[in-house]
Colleague: 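The structure under discussion is supplied below as C-alpha coordinates; questions concerning it will follow.
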Amino acid sequence: MPLPPHTASELDRIRAQTLAGRLEWQDSTVPAARIPVENYLSDSIRDAEVERLFRRLPLIAGHASELAAGQVLAHDDYGVPLLLTRDADGRFRAFLNVCRHRGMRLVAATAKAEPRASVVCPYHGWAYKLDGALRHRLHAEAFDDCSAADTNLVALPAEERHGLLWVVPTPGAAIDIAAWLGGLDAEMPFFGVDQLIHFRTVRAEYPANWKLIVDAFLEAYHIRVLHKETIYPFFADGLTAGDRFGPHLQSLVARRAGQEWAKSADSTPPGDMAGLCALVTPSQVIFPNTITIFHPDYLSLITLYPVAAGRLGWTHRMLIPADRATPDWAPHWEKTFRLIEEGVFQKEDIACAIGIQRGFASGANSHLTAGRAEQGLGWFHADVAAALAPAPAAATGKLSRA
Ligand code: FES
Ligand SMILES: [Fe+2]
(Lines give C-alpha, C1' and ligand atoms only; values in the text may rest on other atoms or scores of the structure.)
(Ligands and ions follow the chains in the order given, each with its own letter.)
Protein backbone atom coordinates (compact mmCIF):
# COMPACT_ATOMS: atom_id res chain seq x y z
CA MET A 1 0.00 0.00 0.00
CA PRO A 2 1.49 3.40 -0.89
CA LEU A 3 1.91 5.94 1.88
CA PRO A 4 -1.08 8.29 2.20
CA PRO A 5 -0.45 11.78 0.84
CA HIS A 6 0.31 13.76 3.98
CA THR A 7 2.33 10.99 5.59
CA ALA A 8 4.34 10.72 2.36
CA SER A 9 5.02 14.45 2.28
CA GLU A 10 5.99 14.46 5.97
CA LEU A 11 8.48 11.66 5.27
CA ASP A 12 9.83 13.66 2.33
CA ARG A 13 10.30 16.61 4.68
CA ILE A 14 12.20 14.39 7.14
CA ARG A 15 14.47 13.37 4.29
CA ALA A 16 14.91 16.92 3.02
CA GLN A 17 15.86 18.16 6.49
CA THR A 18 18.37 15.36 6.90
CA LEU A 19 19.99 16.05 3.55
CA ALA A 20 20.05 19.81 4.13
CA GLY A 21 21.48 19.34 7.64
CA ARG A 22 18.90 21.87 8.77
CA LEU A 23 15.63 21.49 10.65
CA GLU A 24 12.49 23.18 9.33
CA TRP A 25 12.02 25.32 12.41
CA GLN A 26 15.48 26.82 11.90
CA ASP A 27 14.14 28.56 8.81
CA SER A 28 10.78 29.39 10.35
CA THR A 29 9.82 32.92 11.29
CA VAL A 30 6.78 31.86 13.30
CA PRO A 31 6.88 33.68 16.63
CA ALA A 32 7.03 31.74 19.90
CA ALA A 33 3.59 30.97 21.34
CA ARG A 34 2.79 32.36 24.77
CA ILE A 35 0.24 30.18 26.56
CA PRO A 36 -1.37 31.77 29.62
CA VAL A 37 -0.88 29.76 32.80
CA GLU A 38 -4.53 30.57 33.43
CA ASN A 39 -5.46 28.03 30.74
CA TYR A 40 -4.23 25.27 33.06
CA LEU A 41 -5.58 26.68 36.33
CA SER A 42 -8.96 28.23 35.69
CA ASP A 43 -12.07 26.36 36.83
CA SER A 44 -14.20 28.35 34.39
CA ILE A 45 -11.96 27.39 31.46
CA ARG A 46 -12.12 23.75 32.58
CA ASP A 47 -15.92 23.93 32.76
CA ALA A 48 -16.05 25.53 29.31
CA GLU A 49 -13.80 22.78 27.96
CA VAL A 50 -16.13 20.11 29.33
CA GLU A 51 -19.12 21.87 27.81
CA ARG A 52 -17.61 22.77 24.42
CA LEU A 53 -15.13 19.97 23.84
CA PHE A 54 -16.11 16.97 25.95
CA ARG A 55 -19.89 17.17 25.47
CA ARG A 56 -20.19 18.37 21.89
CA LEU A 57 -17.35 16.73 19.98
CA PRO A 58 -16.90 13.07 19.01
CA LEU A 59 -14.69 11.37 21.59
CA ILE A 60 -12.96 8.02 21.29
CA ALA A 61 -14.48 5.64 23.83
CA GLY A 62 -12.51 2.54 22.93
CA HIS A 63 -11.16 0.24 20.28
CA ALA A 64 -13.44 -1.94 18.17
CA SER A 65 -11.81 -5.11 19.49
CA GLU A 66 -12.89 -4.28 23.05
CA LEU A 67 -16.55 -4.95 22.20
CA ALA A 68 -17.58 -8.14 20.40
CA ALA A 69 -21.03 -8.86 18.96
CA GLY A 70 -23.55 -9.44 21.74
CA GLN A 71 -21.46 -7.65 24.37
CA VAL A 72 -21.95 -4.57 26.54
CA LEU A 73 -19.40 -2.36 28.28
CA ALA A 74 -19.79 0.48 30.77
CA HIS A 75 -17.54 3.48 30.06
CA ASP A 76 -16.94 6.19 32.66
CA ASP A 77 -13.87 8.06 31.42
CA TYR A 78 -15.72 11.18 30.28
CA GLY A 79 -17.74 12.22 33.32
CA VAL A 80 -20.96 10.83 31.80
CA PRO A 81 -22.02 7.22 32.45
CA LEU A 82 -21.89 5.61 29.00
CA LEU A 83 -23.09 2.17 27.99
CA LEU A 84 -21.51 0.77 24.83
CA THR A 85 -23.23 -2.14 23.11
CA ARG A 86 -22.71 -4.22 19.99
CA ASP A 87 -25.76 -6.18 18.87
CA ALA A 88 -25.75 -9.66 17.37
CA ASP A 89 -25.39 -8.12 13.90
CA GLY A 90 -22.23 -6.30 14.96
CA ARG A 91 -23.67 -2.80 15.11
CA PHE A 92 -22.07 -0.54 17.70
CA ARG A 93 -24.31 1.77 19.73
CA ALA A 94 -23.91 4.02 22.76
CA PHE A 95 -26.43 4.99 25.42
CA LEU A 96 -26.55 6.71 28.76
CA ASN A 97 -25.99 3.95 31.31
CA VAL A 98 -29.11 4.98 33.18
CA CYS A 99 -32.40 3.16 33.67
CA ARG A 100 -35.51 4.94 32.36
CA HIS A 101 -37.57 3.84 35.35
CA ARG A 102 -36.03 5.53 38.35
CA GLY A 103 -32.57 6.23 37.07
CA MET A 104 -30.49 3.35 38.40
CA ARG A 105 -27.11 2.69 36.84
CA LEU A 106 -27.63 -0.29 34.58
CA VAL A 107 -24.25 -1.92 33.93
CA ALA A 108 -21.40 -1.92 36.44
CA ALA A 109 -17.85 -1.09 35.43
CA THR A 110 -15.96 -4.21 34.39
CA ALA A 111 -12.44 -4.71 33.14
CA LYS A 112 -13.77 -6.25 29.93
CA ALA A 113 -16.96 -6.18 27.90
CA GLU A 114 -19.44 -8.90 28.88
CA PRO A 115 -21.87 -10.93 26.79
CA ARG A 116 -25.50 -10.04 27.49
CA ALA A 117 -28.70 -11.05 25.77
CA SER A 118 -30.24 -7.98 27.38
CA VAL A 119 -29.40 -5.32 29.91
CA VAL A 120 -31.39 -5.83 33.09
CA CYS A 121 -31.67 -3.10 35.69
CA PRO A 122 -30.56 -4.35 39.11
CA TYR A 123 -33.22 -2.28 40.91
CA HIS A 124 -36.64 -3.45 39.60
CA GLY A 125 -35.58 -5.54 36.65
CA TRP A 126 -36.53 -3.49 33.61
CA ALA A 127 -34.82 -5.24 30.69
CA TYR A 128 -33.50 -3.56 27.56
CA LYS A 129 -32.35 -5.01 24.26
CA LEU A 130 -28.86 -4.13 23.06
CA ASP A 131 -30.48 -1.69 20.60
CA GLY A 132 -31.80 0.22 23.62
CA ALA A 133 -35.47 -0.77 23.29
CA LEU A 134 -37.29 -1.74 26.45
CA ARG A 135 -37.87 -5.50 26.23
CA HIS A 136 -39.70 -6.25 29.44
CA ARG A 137 -40.78 -4.83 32.78
CA LEU A 138 -42.45 -6.50 35.70
CA HIS A 139 -46.10 -5.58 36.13
CA ALA A 140 -46.19 -3.58 32.94
CA GLU A 141 -49.81 -2.74 33.69
CA ALA A 142 -48.59 -0.49 36.50
CA PHE A 143 -47.29 1.89 33.84
CA ASP A 144 -50.07 2.91 31.50
CA ASP A 145 -48.94 6.15 29.95
CA CYS A 146 -45.31 5.62 28.92
CA SER A 147 -44.35 5.96 25.28
CA ALA A 148 -41.29 4.23 23.82
CA ALA A 149 -39.51 7.56 23.92
CA ASP A 150 -39.84 7.52 27.69
CA THR A 151 -38.86 3.92 28.22
CA ASN A 152 -36.13 3.11 25.70
CA LEU A 153 -32.55 3.87 26.68
CA VAL A 154 -31.31 7.35 25.81
CA ALA A 155 -29.21 6.87 22.70
CA LEU A 156 -26.06 8.87 22.03
CA PRO A 157 -24.59 9.61 18.60
CA ALA A 158 -22.11 6.79 17.99
CA GLU A 159 -20.01 5.61 15.08
CA GLU A 160 -17.34 2.99 14.50
CA ARG A 161 -14.61 4.15 12.13
CA HIS A 162 -10.95 3.22 11.64
CA GLY A 163 -11.32 0.57 14.34
CA LEU A 164 -12.29 3.17 16.93
CA LEU A 165 -15.55 3.61 18.83
CA TRP A 166 -16.64 7.25 18.76
CA VAL A 167 -19.37 8.80 20.90
CA VAL A 168 -20.76 12.30 21.36
CA PRO A 169 -21.91 12.29 25.00
CA THR A 170 -24.95 14.48 24.25
CA PRO A 171 -28.20 12.99 22.93
CA GLY A 172 -29.35 14.29 19.57
CA ALA A 173 -26.01 15.70 18.44
CA ALA A 174 -24.80 14.94 14.92
CA ILE A 175 -21.91 12.59 14.23
CA ASP A 176 -19.91 12.19 11.02
CA ILE A 177 -16.39 11.00 11.78
CA ALA A 178 -15.10 11.19 8.21
CA ALA A 179 -16.11 14.86 8.05
CA TRP A 180 -14.79 15.49 11.54
CA LEU A 181 -11.36 14.03 10.71
CA GLY A 182 -11.16 15.94 7.41
CA GLY A 183 -7.86 15.27 5.69
CA LEU A 184 -6.74 12.94 8.46
CA ASP A 185 -9.51 10.50 7.49
CA ALA A 186 -7.66 9.54 4.30
CA GLU A 187 -4.41 8.95 6.21
CA MET A 188 -5.98 6.59 8.75
CA PRO A 189 -6.51 3.40 6.69
CA PHE A 190 -2.75 3.04 6.14
CA PHE A 191 -2.21 3.08 9.90
CA GLY A 192 -4.37 -0.04 10.19
CA VAL A 193 -5.81 0.69 13.64
CA ASP A 194 -8.79 -1.49 12.74
CA GLN A 195 -6.43 -4.47 12.31
CA LEU A 196 -5.10 -4.25 15.87
CA ILE A 197 -6.26 -6.06 19.00
CA HIS A 198 -6.71 -4.54 22.43
CA PHE A 199 -4.14 -5.89 24.89
CA ARG A 200 -4.28 -3.75 28.02
CA THR A 201 -5.78 -0.55 29.41
CA VAL A 202 -4.53 1.41 32.38
CA ARG A 203 -6.65 4.15 33.93
CA ALA A 204 -5.41 6.69 36.46
CA GLU A 205 -5.90 10.22 37.70
CA TYR A 206 -3.03 12.67 38.11
CA PRO A 207 -2.80 16.15 39.68
CA ALA A 208 -2.20 18.09 36.47
CA ASN A 209 -4.21 19.82 33.77
CA TRP A 210 -5.06 17.49 30.87
CA LYS A 211 -3.53 19.86 28.30
CA LEU A 212 -0.08 19.45 29.85
CA ILE A 213 -0.17 15.84 28.64
CA VAL A 214 -1.21 16.88 25.14
CA ASP A 215 1.59 19.46 25.17
CA ALA A 216 4.09 16.68 25.96
CA PHE A 217 3.14 14.80 22.81
CA LEU A 218 3.16 17.84 20.54
CA GLU A 219 6.88 18.42 20.44
CA ALA A 220 10.02 16.31 20.13
CA TYR A 221 12.18 19.04 21.66
CA HIS A 222 12.12 17.32 25.07
CA ILE A 223 13.05 13.81 23.95
CA ARG A 224 16.79 14.39 24.11
CA VAL A 225 16.73 15.56 27.71
CA LEU A 226 13.68 14.12 29.49
CA HIS A 227 13.89 10.72 27.79
CA LYS A 228 17.68 10.60 27.63
CA GLU A 229 17.97 7.18 29.27
CA THR A 230 14.82 5.57 27.87
CA ILE A 231 13.77 6.35 24.30
CA TYR A 232 16.19 9.03 23.13
CA PRO A 233 18.78 6.45 22.02
CA PHE A 234 16.32 5.46 19.26
CA PHE A 235 15.49 8.97 18.03
CA ALA A 236 17.19 11.60 15.90
CA ASP A 237 17.29 14.86 17.83
CA GLY A 238 14.43 17.18 16.88
CA LEU A 239 13.95 15.77 13.38
CA THR A 240 10.19 15.92 12.79
CA ALA A 241 7.58 16.96 10.25
CA GLY A 242 3.96 17.66 11.14
CA ASP A 243 0.68 18.81 9.62
CA ARG A 244 -2.60 20.27 10.82
CA PHE A 245 -5.90 18.77 9.73
CA GLY A 246 -8.39 21.27 11.09
CA PRO A 247 -7.82 20.91 14.83
CA HIS A 248 -6.17 17.49 14.48
CA LEU A 249 -2.41 17.12 14.23
CA GLN A 250 -0.11 14.47 12.87
CA SER A 251 3.64 14.35 13.00
CA LEU A 252 6.41 11.94 12.17
CA VAL A 253 9.31 11.88 14.62
CA ALA A 254 12.42 10.48 12.96
CA ARG A 255 14.17 7.54 14.52
CA ARG A 256 17.92 7.15 14.10
CA ALA A 257 17.19 4.43 11.54
CA GLY A 258 15.10 6.98 9.64
CA GLN A 259 17.95 9.44 9.59
CA GLU A 260 20.23 6.75 8.13
CA TRP A 261 17.54 5.83 5.60
CA ALA A 262 17.21 9.47 4.55
CA LYS A 263 20.94 9.76 3.94
CA SER A 264 21.18 6.56 1.95
CA ALA A 265 21.22 6.53 -1.85
CA ASP A 266 18.25 4.17 -1.99
CA SER A 267 15.70 5.82 0.24
CA THR A 268 12.62 4.15 -1.22
CA PRO A 269 9.52 5.04 0.82
CA PRO A 270 8.22 2.18 2.97
CA GLY A 271 5.08 0.43 1.79
CA ASP A 272 3.59 -0.67 5.09
CA MET A 273 3.32 0.32 8.74
CA ALA A 274 6.16 -1.92 9.86
CA GLY A 275 8.45 -0.25 7.31
CA LEU A 276 7.27 3.26 8.19
CA CYS A 277 7.51 2.76 11.95
CA ALA A 278 11.04 1.40 11.67
CA LEU A 279 12.04 4.83 10.32
CA VAL A 280 9.77 7.25 12.15
CA THR A 281 7.27 7.23 15.00
CA PRO A 282 3.99 8.68 13.74
CA SER A 283 1.91 10.42 16.36
CA GLN A 284 -1.43 12.17 16.19
CA VAL A 285 -3.51 14.40 18.37
CA ILE A 286 -7.09 13.65 17.46
CA PHE A 287 -8.84 16.70 18.81
CA PRO A 288 -9.50 17.31 21.54
CA ASN A 289 -8.24 14.57 23.83
CA THR A 290 -6.74 11.57 22.04
CA ILE A 291 -3.09 10.87 21.37
CA THR A 292 -1.86 8.06 19.15
CA ILE A 293 1.75 6.92 19.21
CA PHE A 294 2.62 4.32 16.61
CA HIS A 295 5.57 2.54 18.20
CA PRO A 296 7.53 0.12 15.97
CA ASP A 297 5.21 -2.82 16.70
CA TYR A 298 2.21 -1.56 18.68
CA LEU A 299 0.00 1.46 19.25
CA SER A 300 -0.39 3.53 22.40
CA LEU A 301 -3.84 5.11 22.37
CA ILE A 302 -4.17 7.70 25.12
CA THR A 303 -7.36 9.55 26.00
CA LEU A 304 -7.61 12.35 28.55
CA TYR A 305 -10.35 14.05 30.54
CA PRO A 306 -10.34 17.19 32.69
CA VAL A 307 -11.63 15.81 35.99
CA ALA A 308 -10.89 19.30 37.37
CA ALA A 309 -8.67 22.17 36.23
CA GLY A 310 -5.74 20.63 38.08
CA ARG A 311 -6.65 16.97 37.74
CA LEU A 312 -6.67 14.75 34.66
CA GLY A 313 -8.08 11.36 33.82
CA TRP A 314 -5.57 9.23 31.91
CA THR A 315 -6.54 6.17 29.90
CA HIS A 316 -3.77 4.36 28.04
CA ARG A 317 -4.66 1.46 25.79
CA MET A 318 -2.07 -0.80 24.24
CA LEU A 319 -3.17 -2.18 20.86
CA ILE A 320 -1.12 -4.95 19.29
CA PRO A 321 -0.99 -6.72 15.91
CA ALA A 322 -3.59 -9.47 15.58
CA ASP A 323 -1.00 -12.08 14.61
CA ARG A 324 0.88 -11.45 17.85
CA ALA A 325 -2.15 -11.55 20.12
CA THR A 326 -1.39 -15.15 21.07
CA PRO A 327 -0.48 -16.31 24.61
CA ASP A 328 3.17 -16.90 23.72
CA TRP A 329 3.51 -13.20 22.93
CA ALA A 330 1.87 -12.07 26.19
CA PRO A 331 5.10 -11.81 28.26
CA HIS A 332 6.63 -9.63 25.54
CA TRP A 333 3.63 -7.26 25.55
CA GLU A 334 3.49 -7.19 29.37
CA LYS A 335 7.11 -6.13 29.54
CA THR A 336 6.77 -3.63 26.70
CA PHE A 337 3.65 -2.08 28.20
CA ARG A 338 5.32 -1.70 31.61
CA LEU A 339 8.36 -0.04 30.06
CA ILE A 340 6.33 2.53 28.14
CA GLU A 341 3.50 3.13 30.66
CA GLU A 342 5.56 3.11 33.85
CA GLY A 343 9.09 3.84 32.67
CA VAL A 344 8.44 6.52 30.05
CA PHE A 345 4.95 7.95 30.52
CA GLN A 346 4.55 7.83 34.33
CA LYS A 347 8.13 8.48 35.39
CA GLU A 348 8.93 11.02 32.68
CA ASP A 349 6.06 12.70 30.76
CA ILE A 350 3.37 12.54 33.46
CA ALA A 351 5.87 13.41 36.21
CA CYS A 352 6.74 16.55 34.23
CA ALA A 353 3.09 17.52 33.87
CA ILE A 354 2.62 17.14 37.63
CA GLY A 355 5.77 19.16 38.33
CA ILE A 356 4.63 21.95 36.02
CA GLN A 357 1.16 22.09 37.58
CA ARG A 358 2.69 22.32 41.06
CA GLY A 359 4.94 25.14 39.94
CA PHE A 360 2.08 27.26 38.60
CA ALA A 361 1.15 28.29 42.14
CA SER A 362 4.57 29.89 42.57
CA GLY A 363 3.66 32.65 40.12
CA ALA A 364 7.02 32.28 38.37
CA ASN A 365 5.36 32.30 34.96
CA SER A 366 2.29 34.15 33.78
CA HIS A 367 2.71 32.36 30.43
CA LEU A 368 4.42 29.25 29.17
CA THR A 369 6.57 29.83 26.13
CA ALA A 370 6.61 27.38 23.20
CA GLY A 371 9.39 28.15 20.75
CA ARG A 372 9.64 27.52 17.03
CA ALA A 373 10.60 23.88 17.61
CA GLU A 374 7.37 23.39 19.56
CA GLN A 375 4.92 24.89 17.12
CA GLY A 376 2.34 22.16 17.69
CA LEU A 377 1.58 23.61 21.13
CA GLY A 378 0.69 26.95 19.60
CA TRP A 379 -1.62 25.24 17.12
CA PHE A 380 -3.32 23.10 19.75
CA HIS A 381 -3.93 25.91 22.23
CA ALA A 382 -5.24 28.16 19.47
CA ASP A 383 -7.67 25.41 18.45
CA VAL A 384 -8.86 24.92 22.02
CA ALA A 385 -9.35 28.68 22.37
CA ALA A 386 -11.27 28.77 19.08
CA ALA A 387 -13.52 25.92 20.23
CA LEU A 388 -14.29 27.74 23.47
CA ALA A 389 -15.18 31.01 21.73
CA PRO A 390 -17.54 32.78 21.80
CA ALA A 391 -17.90 31.94 25.44
CA PRO A 392 -18.04 34.76 27.98
CA ALA A 393 -14.66 36.47 28.14
CA ALA A 394 -13.85 35.01 31.55
CA ALA A 395 -14.34 31.47 30.26
CA THR A 396 -12.33 31.74 27.10
CA GLY A 397 -8.89 30.20 26.78
CA LYS A 398 -6.49 32.67 25.25
CA LEU A 399 -3.30 32.36 23.32
CA SER A 400 -1.10 35.26 22.52
CA ARG A 401 1.97 35.50 20.39
CA ALA A 402 5.20 36.93 21.67
S1 FES B 1 -34.68 1.92 38.39
FE2 FES B 1 -34.35 0.46 36.86
S3 FES B 1 -35.98 -0.89 37.01
FE4 FES B 1 -36.38 0.56 38.51
FE1 LIG C 1 7.71 12.56 26.05
Side-chain angles (χ1 to χ4, degrees), residues 72 74 81 83 95-108 116 118-129 132-143 146 148 150-154 206 208-240 242 249 251-255 280-285 290-296 299-302 304 312 314 316 337 339-357 368 370 373-377 380:
V72 304
L83 174 63
F95 304 95
L96 294 175
N97 189 9
V98 176
C99 183
R100 300 307 308 279
H101 175 219
R102 278 172 44 208
M104 177 65 184
R105 180 182 172 98
L106 288 167
V107 173
R116 295 277 175 91
S118 55
V119 171
V120 181
C121 179
Y123 200 174
H124 313 89
W126 284 28
Y128 302 88
K129 296 197 273 186
L134 182 70
R135 164 178 275 164
H136 175 74
R137 54 188 159 165
L138 283 173
H139 302 311
E141 66 275 19
F143 303 91
C146 296
D150 293 329
T151 54
N152 294 340
L153 294 182
V154 176
Y206 294 106
N209 185 274
W210 69 283
K211 297 188 295 296
L212 287 170
I213 300 291
V214 183
D215 293 351
F217 289 95
L218 282 173
E219 47 91 357
Y221 179 48
H222 72 281
I223 294 177
R224 176 176 178 166
V225 177
L226 181 66
H227 302 308
K228 184 170 185 281
E229 307 292 340
T230 52
I231 56 171
Y232 177 59
F234 304 107
F235 285 92
D237 186 22
L239 180 56
T240 71
L249 300 160
S251 62
L252 304 183
V253 181
R255 303 176 72 85
V280 295
T281 294
S283 178
Q284 297 157 331
V285 171
T290 296
I291 298 156
T292 62
I293 302 136
F294 294 90
H295 305 287
L299 168 62
S300 280
L301 180 75
I302 297 163
L304 303 162
L312 67 92
W314 161 274
H316 174 201
F337 189 66
L339 282 174
I340 196 76
E341 164 65 25
E342 295 171 17
V344 179
F345 294 161
Q346 289 179 23
K347 288 207 177 83
E348 296 175 349
D349 294 299
I350 295 169
C352 260
I354 294 170
I356 293 168
Q357 189 79 28
L368 304 187
E374 305 157 274
Q375 208 190 347
L377 274 77
F380 174 68

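We count ligands from 1, going down the list as the structure has it; atoms in each ligand are counted the same way. Since the model is a prediction, treat every value here as computed from it, not as a measurement.
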Colleague: Has His124 got an N/O/S atom less than 2.8 Å from atom 2 (Fe) of ligand 1?
Modeller: no
Colleague: Would you mind listing which atoms of ligand 1 come within a distance below 4.0 Å of any non-hydrogen atom of Arg102?
Modeller: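 Answer, ordered by atom number: 1 (S).
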Colleague: Heavy-atom contacts with Trp126 under 4.0 Å: which atoms of ligand 1 show up? List them by number with element.
Modeller: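 What qualifies from ligand 1 is 3 (S).
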Colleague: Under 3.5 Å, is there a donor-acceptor pair between the side chain of Asn97 and the main chain of Val107?
Modeller: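 At least one qualifying donor-acceptor pair exists.
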Colleague: Of all N, O or S atoms in Asp349, identify the one at the shortest distance from the Fe ion (ligand 2).
Modeller: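 Asp349's closest N, O or S atom to the Fe ion (ligand 2) is named OD1.
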Colleague: Taking only heavy atoms of Gly125 into account, list the atoms of ligand 1 that are under 4.0 Å away from them.
Modeller: 3 (S)
Colleague: Between Phe217 and Phe345, does the ring-ring contact (aromatic ring centres under 6.0 Å, His included) criterion hold? Intermediate values first, please.
Modeller: CA-CA 10 Å; Phe217 289 95; Phe345 294 161; 5.5 Å; yes
Colleague: Looking only at N, O or S atoms, find the one in His101 nearest to atom 4 (Fe) of ligand 1 and name it.
Modeller: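 Going by distance to atom 4 (Fe) of ligand 1, the closest N, O or S atom in His101 is ND1.
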Colleague: Report, in ascending order of atom number, the atoms of ligand 1 lying under 4.0 Å from any heavy atom of Cys121.
Modeller: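 Counting from 1, the qualifying ligand atoms are 1 (S), 2 (Fe), 3 (S).
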Colleague: Under 6.0 Å from the OH atom of Tyr123, do we count more than 12 heavy atoms belonging to anything else shown?
Modeller: no
Colleague: Decide yes or no for Val214 and Val285: does some side-chain heavy atom of the first lie under 4.5 Å from some side-chain heavy atom of the second?
Modeller: yes
Colleague: Please list, in number order, the atoms of ligand 1 under 4.0 Å from a heavy atom of Met104.
Modeller: 1 (S)
Colleague: Given NE2 of His227 on one side and NE2 of His222 on the other, what angle do they make at the Fe ion (ligand 2), to 10°?
Modeller: 100°
Colleague: Where does the angle between the aromatic ring planes of Trp126 and Tyr128 fall among parallel (under 30°), tilted (30 to 60°) and perpendicular (over 60°)?
Modeller: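 The rings of Trp126 and Tyr128 sit tilted, inter-plane angle from 30° to 60°.
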Colleague: Mind checking whether atom 2 (Fe) of ligand 1 has an N, O or S of Cys99 under 2.8 Å?
Modeller: yes
Colleague: Give me the atom names and distance for the closest heavy-atom approach of Ala127 to Val120.
Modeller: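 Heavy-atom minimum between the residues: CB-CG2, 4.0 Å.
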Colleague: Test your reading of the model: is there a side-chain donor-acceptor pair from Thr281 to the backbone of Val253, 3.5 Å cut-off?
Modeller: no
